[in-house]
Amino acid sequence: YEHILRSALDARRITYINHHIAHAASAYLASPFQESNVLSLDGSGGSASGLLAVGHDARLRPVRFVPNADSFGILYERVTDLLGFRRHSGEGKTMGLAAYCDAPAQPLPFVDLAGELPRIDNGAMDSYLSRVGRRPEGAVFSDAHIELAAALQLTLELAACKYVDWLRRRTGIRNLCLAGGVALNCSMNGVLRQIPGVDNLFVQPAAHDAGTALGAALYLFAKLTGRRPEFVMEHVYWGPSYSNEKVLDALRNAGITRFTKSADIAKDVARLLADDKTVAWFQGRLEVGPRALGARSILANPANATMKDHLNLRIKRREPWRPFAPSVKLERVEDLLEGGTSSPFMCVAFAVRDAARSYLASAVHVDGSCRPQTVDLRFTPKYWHLLDEFESLTGIPGVLNTSFNLDSEPIVCSPADAVSTFLRSPIDALAIEDFI
């Protein structure tokens with residue numbers, strides 16, 4: 001391998017791209033915007049924890065790097081660890097826990113939000129966090145831990161708003177692209193979507209470090225050709241898919257004999273959901289990124305208020321307070337959500353309209369928000385038709401959608417993965433390509 005790598009380097013076939021430029025390019029050069037402000041924030045990439053940049057046509061220009069000393073990704077990781085969750089995987093739990101704080105949240109005292117750009121006093125941070133006892137895994141949350149999660153989330157949102165406003169005042173541009181692991185924070189993105197300086201928002205669905213592979217390729221293409229790639233990331237269905245023959249092999253290898261071939265999988269699954277069954281839905285090409293978006297999902301009736309506990313405790317085997325998300329037809333999003341717009345990647349939180357809360361009871365968080373996936377007929381016709389059939393049967397314009405996996409396991413990819421996970425869980429039915 002070393003010989004191959006050295007040969008490629010000698011032939012100038014490998015080019016190194018800065019970590020945060022790759023993040024920024026993965027968002028801007030995959031977005032529909034011809035110009036945009038770009039914000040990348042994560043734990044650390046090289047000597048920086050973030051980048052403020054601006055894109056014009058094919059050019060991406062760095063404006064200001066965020067030093068590692070001011071890393072909001074590292075701060076979020078440290079608090080996540082104190083709350084008893086695992087770093088690099090439990091940050092979403094911290095975000096969800098923040099909404100349970102009853103007291104008005106206050107920004108963390110060691111973060112300076114009054115200057116030109118946010119700054120973290122690392123000595124004061126170490127001192128402050130050292131006084132917070134680490135919650136043992138499985139222990140009850142104290143008020144102090146919940147308040148810390150809420151303070152952290154508020155601080156991140158205020159800091160991100162300051163970065164975005166600083167950039168907008170220098171460029172005059174009102175489009176915004178987000179990348180970096182911190183851009184997977186749906187609550188922060190929901191706040192950024194609403195600030196006066198942002199008219200349009202694009203969040204790279206593979207915002208974490210895996211997305212830098214895409215960003216590096218897009219950036220180098222633009223640099224070598226002087227033009228933007230003819231590509232807009234309108235959907236995430238770029239992974240592997242499997243034929244009915246491969247599915248049959250997996251079913252038979254697992255000894256499953258109770259299955260039928262469906263003439264209309266969307267209609268048949270809609271009936272199961274209407275009967276309050278949980279259905280593992282495996283269709284087409286696997287999603288890119290950490291969100292399950294109707295290719296490898298577990299689906300349920302969101303109007304059933306008991307479904308949240310059933311999914312969390314019996315199927316996903318995780319904390320009972322963890323929120324779920326709805327998938328809704330793009331055409332219905334304005335009816336359900338305040339300021340509802342296209343949000344295909346489940347990366348932005350919205351407030352749920354009062355009239356829609358009964359429809360989405362198990363997919364609405366404790367603060368009245370949800371992080372929806374809007375489903376576009378052009379890109380996932382089978383999933384869209386499932387939603388349409390379900391609404392025809394029940395009047396409910398969406399389904400509860402969570403990733404097809406068990407806690408701490410990756411999302412399933414292959415038919416064998418799907419069958420194994422299904423057999424180890426109390427999910428009622430598996431809809432895998434044309435078979436149930």
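Since this is a predicted model, take the numbers as computed values, not measurements. Positions are given from 1, in the same order as the sequence printed here. Hydrogens, waters and symmetry mates are skipped; everything else that's a heavy atom, side chains included, is used.
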Stepwise side-chain contact (heavy atoms from CB on, under 4.5 Å) test for Leu75 and Leu108 | CA-CA 11 Å; Leu75 171 58; Leu108 292 168; 4.1 Å; yes
Start with the C-alpha distance between Asp199 and Arg174, add both sets of side-chain angles, then the distance that settles salt bridge (Lys or Arg N to Asp or Glu O under 4.0 Å), and finish with yes or no.
-> CA-CA 5 Å; Asp199 291 341; Arg174 302 176 69 86; 2.9 Å; yes
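In this structure, the side-chain contact (heavy atoms from CB on, under 4.5 Å) partners of Asn244, at least two apart in sequence or on a different chain, are Lys261, Glu433, Asp434, Phe435. The side-chain contact (heavy atoms from CB on, under 4.5 Å) test applied to Thr341 returns Phe350, not counting sequence neighbours. The side-chain contact (heavy atoms from CB on, under 4.5 Å) check on Arg424 picks up Leu406, Glu409, Ser420, Thr421, with sequence neighbours excluded. The side-chain contact (heavy atoms from CB on, under 4.5 Å) check on Asp335 picks up Arg332, with sequence neighbours excluded. In this structure, His385 has no ring-ring contact (aromatic ring centres under 6.0 Å, His included) partners at least two apart in sequence or on a different chain.
A cation-pi arrangement is present between Arg296 and Phe282 under the rule of less than 6.0 angstrom and at most 45 degrees off the ring axis.
The closest side-chain heavy-atom distance from Tyr359 to Val328 is not below 4.5 Å.
The neighbour count for Glu338 CD, taken as heavy atoms of other residues, nucleotides or ligands under 6.0 Å away, is above 12. For Arg59, the CZ atom counts as loosely surrounded, since its 6.0 Å shell holds 12 or fewer non-hydrogen atoms of other residues, nucleotides or ligands.
Taking CG of Asp388 as the start and CG of Leu377 as the end, the distance is 9.0 Å to the nearest 0.5 Å.
Aromatic rings from His23 and Tyr28 are positioned such that their centres are separated by 6.0 Å or more. Aromatic ring centres of Phe141 and Trp321: separated by under 6.0 Å.
Below 30°, between 30° and 60°, or above 60°: for His365 and Tyr100 the angle between ring planes is above 60°, a perpendicular geometry.
If you run side chain to side chain contact (heavy atoms under 4.5 Å, CB included) between Trp166 and each of Leu117, Asn37, Leu39, only Leu117 comes through.
Residue pairs meeting the salt bridge (charged side-chain N to carboxylate O under 4.0 Å, His left out) criterion with at least one member in residues 108-124, sequence neighbours excluded, are Arg64-Glu116, Asp70-Arg119, Glu116-Arg170.
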